[in-house]
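Below, all heavy atoms of this structure are taken into account, side chains as well, without hydrogens, waters or symmetry copies. Quantities reported herein were computed from a predicted structural model and do not represent experimental measurements.
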Amino acid sequence: MDFHTFKINVIEITGLAKDALHIYVGVGVYVLCLILLLPIIKKQSIRSFMALVVVTGIALLGEYLDNRHIIRPRGFLALSSVDIKASLHDLINTCLLPYVLHALHKWTTIFQTTNKPKSVITRHKKTDY
C-alpha cells in the first residue's frame, strides 16, 4: 500500500476533510512528542522546541511522500506551482497550531499555574503533632 492509498483510506474511514486531518496530525504529533520526551528532557522549552522540529519533519516527510510520484522521476524542479501551493497549504495546516501553542507557552502565562500549592494541614508550633 502506498502513501496516497493509505491517506485516502484514512479520509474515508474518519469522514474528516484532508485539511482537518493535517491539523489533527500536527497537534497529535506535537502532544505525543511532548509526552514521550518528558522522561528524557526535563526542561520544557527544549522539549517543546524538539517537538516542533519533529512536527515540521513529519510534515515535510508527508509532503515528500505526497509528491514522490513527481519528484522521483523528474526531480524537485518538476513540481508545478499548483503542487507547491498545495504543499505549502498542507504544511501550514499541519504546523500552524503547534507553533501557536509553543509561542503561547513561551511568551505568555496562559499555561502556567497561577497559585502555588498549599499544604492542607498547617503547623503553627513545633509541638503540634
Side-chain angles (χ1 to χ4, degrees):
M1 174 185 299
D2 66 335
F3 183 72
H4 185 69
T5 307
F6 172 74
K7 197 162 86 169
I8 296 299
N9 287 340
V10 170
I11 290 170
E12 288 176 359
I13 290 170
T14 61
L16 294 171
K18 191 178 129 188
D19 290 342
L21 285 175
H22 278 277
I23 294 168
Y24 283 132
V25 166
V27 173
V29 168
Y30 182 70
V31 170
L32 186 66
C33 283
L34 288 176
I35 292 169
L36 292 177
L37 291 173
L38 186 61
I40 300 167
I41 302 171
K42 296 298 179 191
K43 192 168 182 184
Q44 174 66 26
S45 61
I46 296 172
R47 190 170 58 243
S48 63
F49 178 74
M50 292 299 295
L52 284 179
V53 169
V54 171
V55 167
T56 306
I58 294 291
L60 288 171
L61 176 67
E63 290 313 305
Y64 169 76
L65 292 174
D66 273 346
N67 295 310
R68 184 174 49 182
H69 65 282
I70 299 170
I71 296 170
R72 275 201 175 166
R74 295 179 272 163
F76 283 104
L77 297 177
L79 290 171
S80 67
S81 64
V82 174
D83 296 326
I84 293 172
K85 285 179 184 178
S87 290
L88 286 175
H89 178 80
D90 290 346
L91 283 171
I92 290 170
N93 275 340
T94 306
C95 296
L96 181 65
L97 198 52
Y99 276 85
V100 168
L101 291 173
H102 175 74
L104 286 175
H105 177 73
K106 185 171 183 167
W107 293 307
T108 67
T109 58
I110 290 176
F111 297 115
Q112 296 174 2
T113 58
T114 55
N115 300 352
K116 294 194 178 208
K118 296 179 183 176
S119 176
V120 177
I121 302 173
T122 339
R123 284 180 52 191
H124 298 285
K125 299 178 185 176
K126 278 196 161 199
T127 56
D128 288 346
Y129 293 115

Verify, without hydrogens or angle tests, whether Asn67 (side chain) and Glu63 (backbone) share a donor-acceptor contact under 3.5 angstrom.
yes
Count I, L, V, M, F, W, Y as connected when their side-chain heavy atoms are under 4.5 Å apart, and connections chain through other members. Are Val100 and Val54 then in the same cluster?
yes
Cluster overlap Ile41 with Leu32, hydrophobic side-chain contacts below 4.5 Å
no
Closest heavy-atom pair, Arg47 versus Leu34, reported as atoms and distance to 0.1 Å, is CD-O, 3.4 Å
Residue pair Phe49 / His102: nearest heavy atoms and the distance that separates them
N-CE1, 4.1 Å
Would you mind writing out the side-chain donor-acceptor pairs for residues 19-28 within the sub-3.5 Å range, not counting sequence neighbours?
| unit_1 | atom_1 | unit_2 | atom_2 | d |
| --- | --- | --- | --- | --- |
| Asp19 | OD1 | His89 | NE2 | 3.2 |
| Asp19 | OD1 | Asn93 | ND2 | 3.1 |
| Asp19 | OD2 | His89 | NE2 | 3.3 |
| His22 | ND1 | Thr94 | OG1 | 2.9 |

Side-chain heavy atoms of Leu36 within contact of Cys33, under 4.5 Å:
no
For the hydrophobic clusters of this structure (ILVMFWY residues joined by side-chain heavy atoms under 4.5 Å, transitively), does one cluster hold both Ile84 and Leu65?
yes
Nearest atoms (heavy-atom pairs only) where Leu101 meets Tyr30
CB-CE2, 4.3 Å
Do Ile40 and Ile35 share a hydrophobic cluster (ILVMFWY, side-chain heavy atoms under 4.5 Å, transitive)?
no
Partner residues of Ser81 under the side-chain hydrogen bond (donor to acceptor under 3.5 Å, both in side chains) criterion, sequence neighbours left out:
none
To the nearest 0.5 Å, how far apart are CD in Gln44 and CG in Leu38?
8.0 Å
Residue Tyr64 excluded, over 12 heavy atoms near OH under 6.0 Å:
yes
Check salt bridge (charged side-chain N to carboxylate O under 4.0 Å, His left out) between Lys106 and all other residues, then give those that pass, not counting sequence neighbours.
none
Ile13 side, atom CD1; Ile8 side, atom CD1 - distance, nearest 0.5 Å
11.5 Å
What one should report as the nearest heavy-atom pair of Thr56 and Tyr99 is OG1-OH, 2.8 Å
Can you name the closest pair of heavy atoms from Cys95 and Pro98 and give their distance?
O-CD, 3.3 Å
Pair Arg68 + Asp2: basic N to acidic O under 4.0 Å
no
CG-NE2 distance between Asn9 and His4, expressed to the nearest 0.5 angstrom
10.0 Å
Could you walk me through whether Lys43 and Ile46 pass the side chain to side chain contact (heavy atoms under 4.5 Å, CB included) test, one step at a time?
CA-CA 6 Å; Lys43 192 168 182 184; Ile46 296 172; 3.9 Å; yes
Indicate, with yes or no, if Ile71 and Leu88 share a hydrophobic cluster defined by side-chain heavy-atom contacts under 4.5 Å among Ile, Leu, Val, Met, Phe, Trp and Tyr.
yes
When rounded to the nearest 0.5 angstrom, what distance separates CG in Leu60 from CG in Asp90?
11.5 Å
Start with the C-alpha gap between Asp66 and Lys7, add the side-chain angles, then the distance that decides, and say whether side chain to side chain contact (heavy atoms under 4.5 Å, CB included) holds.
CA-CA 9 Å; Asp66 273 346; Lys7 197 162 86 169; 2.8 Å; yes
